[in-house]
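Structure first, commentary second.
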Amino acid sequence: MLDKRYDHLAVEEGRYEKWVEKGYFTGGKDKSKPPFSLVIPPPNVTGKLHLGHAMDTIPDDIVARYKRMKGYDVVWVPGVDHAGIATQAKVEARLREQGISRYDLGREKFLEVAYKWKEEYAATIHQQWASLGLSVDYTRERFTLDEGLSKAVKKVFVTLYNEGLIYRGERIINWDPELRTALSNIEVVHTDDEGEFFYFRYPVEGMEPLIVATTRPETMFGDAAVFVNPKDPRYKDYIGKTCVNPANGEKLPIMGDRYVDISFGTGAMKCTPSHDPNDFNLAKKYNLPFKTILDETAHMTSDCGKYVGMDRYECRKALVEDIKAKGLLVKIEKIVHSVGHSERSGAVVEPMLSKQWFVKMRPLAEAVLKMMESKDKIHFHPTRFEKVLVRWMKEADDWCVSRQLWWGHRIPAYYNKETGEVLVSETAPDMDKYVQDEDVLDTWFSSGLWPFATLGWPDKTPDFDRYFPTSLLVTGYDIIFFWVSRMVFQSLHFTRKIPFKDVLIHGLVRDPKGRKMSKSAGNGVDPMDIIAKYGVDALRYYITTSSAPGLDMRYNEEKIAAARSYLNKIWNAARYVEMTLGDDFKPEPLSRRGLGVLERSILSKLARLIKRVENKMERYEFGAASSDLYSFVYDDFCGDFLEMTKVSLTSGGEGAAKTKNVLYHVLMDIVKMIYPYAPFVSEEIYLSLPGHLESLNVETYPELPRSYVDYRSEKEAKVLKEMIRDIRNYKSKEGLEPNAKVRLYVAPSFPFKSMDSYLSRFAFASYIGEGAPEKKATSFAYEGGYELYVEEDIDPEILKGKLEAEKERLLKEVERGKRMLSNQGFLAKAPKEKVALEEEKLADNERKLELVENRLANL
RNA sequence: GGGUGUUUAGCUCAGUGGGAGAGCGCUUCCUUCACACGGAAGAGGUCGUGGGUUCGAAACCCGCAACACCCACCA
């Protein structure tokens with residue numbers, strides 16, 4: 001028997017561990033079932049899970065649990081991501097607190113520390129998966145740095161290299177001077193920062209000085225030229241001349257190129273080939289010299305004269321002062337411009353000329369574009385996110401994959417110590433002769449292999465054969481570029497298959513004011529706190545039902561409380577059913593034979609509900625599915641059926657037994673349908689009901705044949721409900737006590753006459769009769785087309801007012817119906833069923849109107 | 001400079017080519033034997049704005065506005 005209160009702590013306690021022990025989440029036990037597979041978006045081993053992880057994993061879990069019930073062999077692969085740069089940054093920060101740098105430790109020692117860190121956080125993540133109730137298959141758990149993934153990474157790197165799709169080259173890359181590593185373009189976050197625009201005078205022999213504006217004076221030591229637009233009349237005569245660099249007195253050629261925007265700044269632009277991607281291109285075009293003037297920590301190199309060793313900003317300040325002293329500073333303007341920051345360290349990214357490894361994107365991207373135009377494309381939900389993938393694939397530049405980090409997959413490239421010859425190989429060569437590349441790969445390089453490498457690729461494993469491509473991926477729109485795109489092209493290239501058939505995209509959880517949640521802003525919410533306070537089932541329900549797919553949601557604690565109230569409602573309904581059934585209840589198979597109207601009605605609604613919910617679950621529309629279920633639970637089941645059945649139950653006998661059986665089956669089906677959302681509380685209820693299996697985890701999804709659909713019974717039940725409501729309303733408005741006795745007469749044609757016991761119990765309407773009412777009674781006409789006569793006297797004025805209002809309403813309805821039905825366009829073009837429906841409504845309203853008018857006339 | 005999304009009840013948000021919805025909040029009433037994490041009744045909305053398509057538009061199309069986000073090398 002259930003406790004009086006739904007206590008989420010008691011309900012959740014120890015349950016998950018039991019499920020895992022029983023192996024309910026282990027896939028592949030029954031290969032006769034169709035496979036359904038997913039991979040978890042592997043969380044970074046950088047810290048605790050946040051609400052974003054809940055958004056990733058709870059929908060996965062709902063689908064996994066639903067699919068198991070629907071008879072699929074579900075495999076959900078869990079795992080964690082080493083998260084190269086993010087983790088290394090954290091580990092280094094922790095070391096720094098102890099006054100140690102990674103260089104003090106050296107590579108090997110540092111990796112030991114990092115592995116310990118990984119173990120620590122992986123343990124936390126496991127705990128939190130348990131708290132969230134994720135039905136992942138731990139027998140298949142993976143880690144991006146484990147042996148299998150490492151093998152896959154090497155294989156992919158070497159193959160791409162041999163195919164000419166990975167190359168090593170000197171390019172302008174984004175350099176994080178704090179973490180001292182290269183970054184890919186998408187790891188750079190641009191923000192509009194306030195800065196200064198410095199206007200300097202560049203002396204030109206025999207002419208007016210050229211005024212050049214820059215936001216980055218310190219890079220002037222690396223300048224190779226000054227450019228103007230050849231179409232710019234102001235500077236026509238300058239092209240071909242030389243000017244003097246105010247920073248170091250060196251002569252710079254003045255050159256013309258149409259790249260220069262005449263309207264921007266002064267129309268004259270300095271060119272720093274080694275520290276700006278555009279300048280790099282210009283320098284290549286005109287064969288200008290490259291000079292690197294910043295080191296890996298963004299301090300000035302020896303090419304910068306007396307400024308050597310200064311930090312870039314220190315240098316900027318000092319240099320501007322010096323130029324000002326020389327009288328070559330024209331002015332300083334405040335500007336807001338876009339500045340690139342490292343996604344991880346926040347440091348201002350320095351564009352630097354550097355030798356790095358790149359993945360050649362065009363051929364790989366083209367394959368994705370072709371796939372997305374084919375019949376076998378990946379289906380995104382909502383579909384608009386397909387455009388995000390496609391756009392990025394159209395624009396993707398070559399991907400810089402080498403990182404000057406230690407935590408990650410070391411690049412399988414080896415350099416001959418003597419000749420410098422490059423050898424790229426899955427197996428290490430003779431290390432006496434060769435030295436391995438120091439760098440590791442971008443963490444997304446391995447994440448990009450996740451769906452197939454976790455299933456065994458490059459080996460031909462039974463899992464890979466059976467479960468790949470995976471069925472569904474759930475992730476946020478913010479990592480379509482980072483992750484989804486990489487998985488897609490790697491998968492297409494190496495397995496010739498898409499990595500997943502469906503992608504369900506979710507939005508971000510924001511704070512109540514709509515701001516992004518972040519640690520620094522201190523507005524984050526720890527899901528574990530929510531779970532402690534409201535229970536994980538409430539959190540799961542909230543996460544999956546409180547917004548439309550793909551849209552951001554604002555964190556709203558009230559909704560979590562509401563979710564909890566809902567679960568509490570189901571809990572108490574179950575408690576009532578249990579109490580009602582009694583100890584000796586034995587569930588019988590359902591049958592429609594001998595059921596009363598209310599039973600037939602609730603089963604009819606249930607049959608239709610199951611279909612609707614199922615359709616929505618199949619389309620991953622959890623919000624829509626649960627709102628159907630919600631109104632069934634609240635209104636149809638708790639509000640109407642539970643209340644009404646109190647009548648037939650108290651009457652005892654055959655009818656009561658049948659009602660009990662229906663109560664039991666409807667509740668069971670509700671519990672099964674709520675299970676994917678709220679597995680803990682539903683399991684508790686399920687196990688307390690008779691006729692259960694060992695766990696809901698091995699149950700099947702509810703089914704109720706179409707033959708249970710019975711609109712007539714639904715209508716009859718509805719009329720009963722309306723009559724009760726009307727009578728109660730009526731009494732309340734007339735100032736009668738709720739239990740005032742009233743008498744009912746219905747017309748001989750009234751179709752639903754089997755309701756007297758219900759009316760008596762819920763409306764104290766003691767009698768249903770036919771024919772002419774007693775003379776002294778006061779009458780009122782109601783929506784359902786019946787009449788009520790009350791024995792007590794009623795103020796005729798109040799009654800009149802009420803009738804007038806009703807008449808008013810009905811007149812409008814009738815008018816609307818008539819207007820529609822006299823519209824030739826409507827009659828000609830609207831669907832037949834719609835027209836018929838309107839005709840029926842009109843007739844109904846006209847009949848009611850007549851009743852009301854008669855009443856008024858007789859007052 | 002491109003692109004996307006949002007705009008619906010006081011708040012947070014669903015919804016969808018055929019009569020405006022939920023939760024919370026608010027008003028009135030009720031601790032009656034599942035549940036006060038409850039029940040009953042109720043107030044509250046020109047569905048951002050201007051056009052168009054349609055028999056019919058809050059929904060579809062076009063423009064506009066506000067807000068949010070993404071992409072892009074404006075020195």
Side-chain angles (χ1 to χ4, degrees), chain A residues 2 4-6 172 185-186 190 197 212-216 219 227 259-261 263-272 276-282 335 337-338 340 351 382 384-385 387-388 391-392 395 397 477-478 480-481 507-508 510 512 514-516 534 538 542 545-548 550-580 623-624 626-627 630-631 634 638-639 642-643 646 725 728-729 732-733 738-739 812-813 816-817 819-820 822-831 833-835 837-838 841:
Chain A
L2 294 170
K4 175 153 189 189
R5 260 176 74 94
Y6 159 44
I172 297 270
N185 293 347
I186 54 176
H190 291 270
F197 210 18
V212 178
T214 178
T215 53
R216 312 206 46 205
T219 63
F227 276 87
Y259 168 74
V260 179
D261 181 350
S263 62
F264 191 83
T266 63
M269 178 194 92
K270 72 188 206 59
C271 172
T272 318
D276 183 282
N278 300 308
D279 295 3
F280 175 84
N281 291 336
L282 280 174
I335 58 159
H337 61 148
S338 170
R384 75 182 123 92
F385 289 104
K387 281 189 277 186
V388 177
R391 185 164 49 83
W392 194 69
E395 293 168 0
D397 292 324
Y477 62 70
D478 53 331
I480 294 176
F481 296 154
L508 271 39
R510 297 175 172 278
R515 296 170 305 191
K516 231 175 176 170
Y534 297 100
Y542 165 70
T545 63
S546 295
S547 74
L551 295 184
D552 291 350
M553 64 197 289
R554 292 185 192 204
Y555 177 69
N556 187 342
E557 188 167 335
E558 282 171 356
K559 283 199 182 175
I560 299 175
R564 224 207 97 93
S565 299
Y566 173 43
L567 299 174
N568 184 62
K569 185 77 178 174
I570 296 176
W571 177 274
N572 275 292
R575 219 162 66 85
Y576 166 76
V577 171
E578 274 183 21
M579 287 164 60
T580 303
S626 74
S627 91
Y630 182 94
S631 62
Y634 255 95
C638 295
L642 285 195
E643 289 303 319
K646 287 171 183 169
R725 192 195 58 211
R728 285 176 173 173
N729 266 349
S732 140
K733 286 196 172 142
N739 60 356
K812 270 190 195 153
E813 292 294 331
R816 173 186 167 276
R819 201 173 49 235
M820 261 181 117
S822 63
N823 181 336
Q824 291 307 313
F826 177 75
L827 292 175
K829 297 190 182 178
E833 309 84 69
K834 179 66 189 166
V835 177
L837 196 75
E838 286 301 328
K841 271 199 276 188

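Computed over heavy atoms, backbone and side chain alike; hydrogens, waters and symmetry mates excluded. So you know, we letter chains A, B, ... as the sequences are listed, proteins then strands, and number each from 1. Here the structure is a predicted model, which is why all the values come from computation and not from measurement.
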Please classify the nucleic acid contact of [X] as base, sugar-phosphate, or nothing, using heavy-atom distances under 4.0 Å.
| X | value |
| --- | --- |
| A:Val212 | nothing |
| A:Ala573 | base |
| A:Cys638 | base |
| A:Leu567 | nothing |
| A:Phe280 | nothing |
| A:Arg564 | base |
| A:Arg216 | nothing |
| A:Pro351 | nothing |
| A:Ser546 | sugar-phosphate |
| A:Glu833 | nothing |
| A:Asn278 | base |
| A:Glu395 | sugar-phosphate |

- Using the ring of A:Tyr630 (Phe, Tyr or Trp, six-membered ring only), decide whether A:Lys569 places NZ or CZ under 6.0 Å from its centre and within 45 degrees of its axis. no
- Message: Within 45 degrees of the ring normal and closer than 6.0 Å to the centroid, is that where the cationic atom of A:Arg575 sits relative to A:Tyr6?
- Response: no
Rounding to an integer number of Å, can you tell me how far [X] [atom1] sits from [N] [atom2]?
| X | N | atom1 | atom2 | result |
| --- | --- | --- | --- | --- |
| A:Asp552 | B:C70 | CG | P | 10 Å |
| A:Asp261 | B:A75 | CG | P | 10 Å |
| A:Met553 | B:A22 | CE | P | 20 Å |
| A:Glu838 | B:G56 | CD | P | 15 Å |
| A:Ile480 | B:C70 | CD1 | P | 13 Å |
| A:Tyr542 | B:A14 | OH | P | 11 Å |
| A:Tyr566 | B:A22 | OH | C1' | 13 Å |
| A:Phe481 | B:C71 | CZ | P | 6 Å |

- Quick one: do A:Arg819 and A:Glu838 make a salt bridge, cutoff under 4.0 Å? no
- Are A:Lys834 and A:Phe826 side-chain neighbours, meaning at least one heavy-atom pair lies under 4.5 Å? yes
- Of A:Ala830 and A:Ser627, the one whose nearest nucleotide on RNA chain B sits closer to the 5' end is A:Ser627
- Note on the structure: Of A:Ala562 and A:Ser565, the one whose closest nucleotide on RNA chain B sits nearer the 5' end is A:Ala562
Looking only at atom [atom1], what distance separates [N] and [M], rounded to whole Å?
| N | M | atom1 | result |
| --- | --- | --- | --- |
| B:C64 | B:U7 | C1' | 14 Å |
| B:G48 | B:A68 | C1' | 15 Å |
| B:G15 | B:G5 | P | 15 Å |
| B:G18 | B:A59 | C1' | 11 Å |
| B:G21 | B:G45 | P | 14 Å |
| B:A20 | B:G39 | P | 26 Å |
| B:U8 | B:C47 | P | 11 Å |
| B:C13 | B:C30 | C1' | 30 Å |

- Side-chain H-bond candidate by donor/acceptor type, A:Asp552 with A:Tyr477, under 3.5 Å: yes
- Message: A:Lys559 vs A:Thr545, test: side chain to side chain donor-acceptor pair (under 3.5 Å). Steps then yes/no.
- Response: CA-CA 10 Å; A:Lys559 283 199 182 175; A:Thr545 63; over 6 Å; no
- Could you tell me which non-hydrogen atom of A:Leu282 sits nearest to which non-hydrogen atom of A:Cys271, and how far apart they are? CB-SG, 4.4 Å
- Using 30° and 60° as the class limits, which term best fits the ring planes of A:Tyr634 and A:Tyr566: parallel, tilted or perpendicular? parallel
- Item | Donor-acceptor pair under 3.5 Å, A:Tyr259 side chain vs B:C73 base | yes
- Query: What is the pairing partner of B:U54, taking Watson-Crick or G-U wobble pairs with both distances under 3.5 Å in any strand?
  - Reply: none
Minimum-distance nucleotide to [X] side chain [options: [options]]:
| X | options | value |
| --- | --- | --- |
| A:Arg575 | B:C13, B:A34, B:C74 | B:A34 |
| A:Phe197 | B:A75, B:C24, B:A14 | B:A75 |
| A:Arg554 | B:C35, B:C13, B:A14 | B:C13 |

- Within less than 4.0 Å of OP1 or OP2 of B:G39, is there a side-chain N or O belonging to A:Lys569? yes
